[in-house]
Amino acid sequence: MILTLASLALICAIGAVVFIQFGAMIEMFEQIRQMRIYLDMVDKPTVLDLGASQGRLASGAGLPANLDAVPRALVLFLSNKCETCRTLAAALDGGALPPHLWVVVVPVLSGDASQFLEDFRLYGDRILVDADHAITEAIGLDITPAAIAIEEGRMVEAHTVPTVRQLYASLPMVERKRALARKQVREADLVVVATPSDAR
Amino acid sequence: MGAAAAAAAHAIPAVAQVIPAVALVWAALLKAQSLDAFGRTLKALGVPRLLAPSTAMAVVAAEFATGAGLLLIPASAWPRLLVCLLALAFAGAGLTAIARKRSIACSCLGAVGSHKLGRRQVALLPAWLAVAGLAQARPPDWTLQEGGLLLGFLLLSLIATQIYREIPLWRELHADRITIAVSIAQSTQSGKGGGDH
């Protein structure tokens, strides 16, 4: 009887301690989340205003004319200097781009982005270089990394791309799954640096 | 029909015994996580500053002991008596807040929720007394071992609720950890690359 009571008391004490420990961990995790929000380190894309470019044909802004014919596509704008852009480029490094993803590299500060293209082995007919900023100026885009969603050849939405996960999340569902399968990584592990979008 | 009535007559007091047990053990554990907040509530109710922390601990211990007692020794009347005393204390706290016309944080469930002391505690008094009375009318007859099993199941269930809250937060932070690791690795790489050129 005494042994039973002692065992029960022990179980109660352990249960209570475990419960409280979990509570303390939740508290800690929530504090870290609050700090992330305060430091603007949240993996959340910001919608950008396309202004007059909203609904415009992709080719009208200097993008390839074959984009006008695709039902859905994503155009990713990377600059050769911002750290998040380099992280995104690293995720695409060497591999074939996911279907319906176009990449526009915008050289800034110095250079012609050739070093950037070489560093991350970004080659192919869906990689463009906006050397004279004609495309970004035509769209009115002054932030990288950013992405523009194309539907039926028209630009429908623009948003920042703070992480690789957000890049894949912006792709149409089937393509996202294929891309993830090709990378052999879990979606949760694709979250990379969540800095505020770097202004060019 | 008779069997159903007998089963109900057996089950209702058992349920009436378990409900306050769950509520009290849960409330005690949540309060134990934020004793400071509960201590502030007691101070606002007029408990001297020096006594507030120990009173907070005593209330938490009383709630837990009552909840555990209800499950472990169902035949005994003292846990049900303690339920009535605690319910009276809660209602008294509610009445004090109403009489003082002060907005006092309840801290009934620790830091969970933002309820204020007042009518709710007074209104719940009859419910507490009713369940205690119902259980007292025909005390459940499970054994100490069965009660221990119930208490263990209750604690595990409460721990499971914490894990359920924790996993999404943990996943988010796990992703962040990878984020930071990748970021550091790439910064280091680009730093080295820059030095080579």
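A, B, ... follow the sequence lines: proteins, then strands. Residue 1 opens every chain. Atom set for the values below is all heavy atoms of this structure, side chains included, hydrogens, waters and symmetry mates excluded.
Residues Ile159(B) and Leu24(B) do not share a hydrophobic cluster, clusters being chains of Ile/Leu/Val/Met/Phe/Trp/Tyr side chains in contact below 4.5 Å. Hydrophobic clustering (ILVMFWY, side-chain heavy atoms < 4.5 Å, transitive): Leu86(B) and Trp26(B) are in distinct clusters. Ile19(B) and Leu70(B) fall into different hydrophobic clusters, where Ile, Leu, Val, Met, Phe, Trp and Tyr side chains are chained together by heavy-atom contacts under 4.5 Å. Both Val18(A) and Leu10(A) belong to a single network of hydrophobic side chains, linked directly or stepwise wherever heavy atoms of I, L, V, M, F, W or Y lie under 4.5 Å apart. Transitive grouping of hydrophobic side chains (ILVMFWY, heavy atoms separated by less than 4.5 Å) brings Leu48(A) and Ile150(A) into a common cluster.
Distance CD/Glu27(A) to CD/Glu166(B): 12.0 Å, rounded to 0.5 Å. Between Gln162(B) atom CD and Ile20(A) atom CD1 the span is 9.5 Å, to the nearest 0.5 Å.
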Before you tell me yes or no, could you show the steps for Thr4(A) and Leu144(B) under side chain to side chain contact (heavy atoms under 4.5 Å, CB included), namely the whole-Å CA-CA distance, both residues' side-chain angles and the distance that decides it to 0.1 Å? CA-CA 8 Å; Thr4(A) 310; Leu144(B) 179 66; 3.8 Å; yes
Is there a side chain to side chain contact (heavy atoms under 4.5 Å, CB included) between Arg165(B) and Phe22(A)? Walk through the geometry before answering. CA-CA 9 Å; Arg165(B) 281 178 65 204; Phe22(A) 272 116; over 6 Å; no
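For the pair Cys12(A) and Leu151(B), the tightest heavy-atom approach, listed with the atom from each and the gap, is SG-CD2, 2.8 Å.
When each of Ile163(B), Leu72(B), Thr161(B) is scored by its heavy-atom pairs under 4.5 Å with chain A, the top score falls to Ile163(B). Ranked by heavy-atom pairs shorter than 4.5 Å toward chain A, the options Leu156(B), Leu155(B), Leu29(B), Leu30(B) are led by Leu29(B).
Using a 4.5 Å heavy-atom cutoff, the side chains of Ile26(A) and Leu169(B) are in contact.
Both the backbone and the side chain of Leu158(B) have a heavy atom closer than 4.5 Å to some heavy atom of chain A.
Annotation: side chain to side chain donor-acceptor pair (under 3.5 Å) contacts of Gln121(B) (sequence neighbours excluded): none.
Annotation for Trp128(B): atom CH2 counts as buried by contact number, over 12 foreign heavy atoms lying within 6.0 Å.
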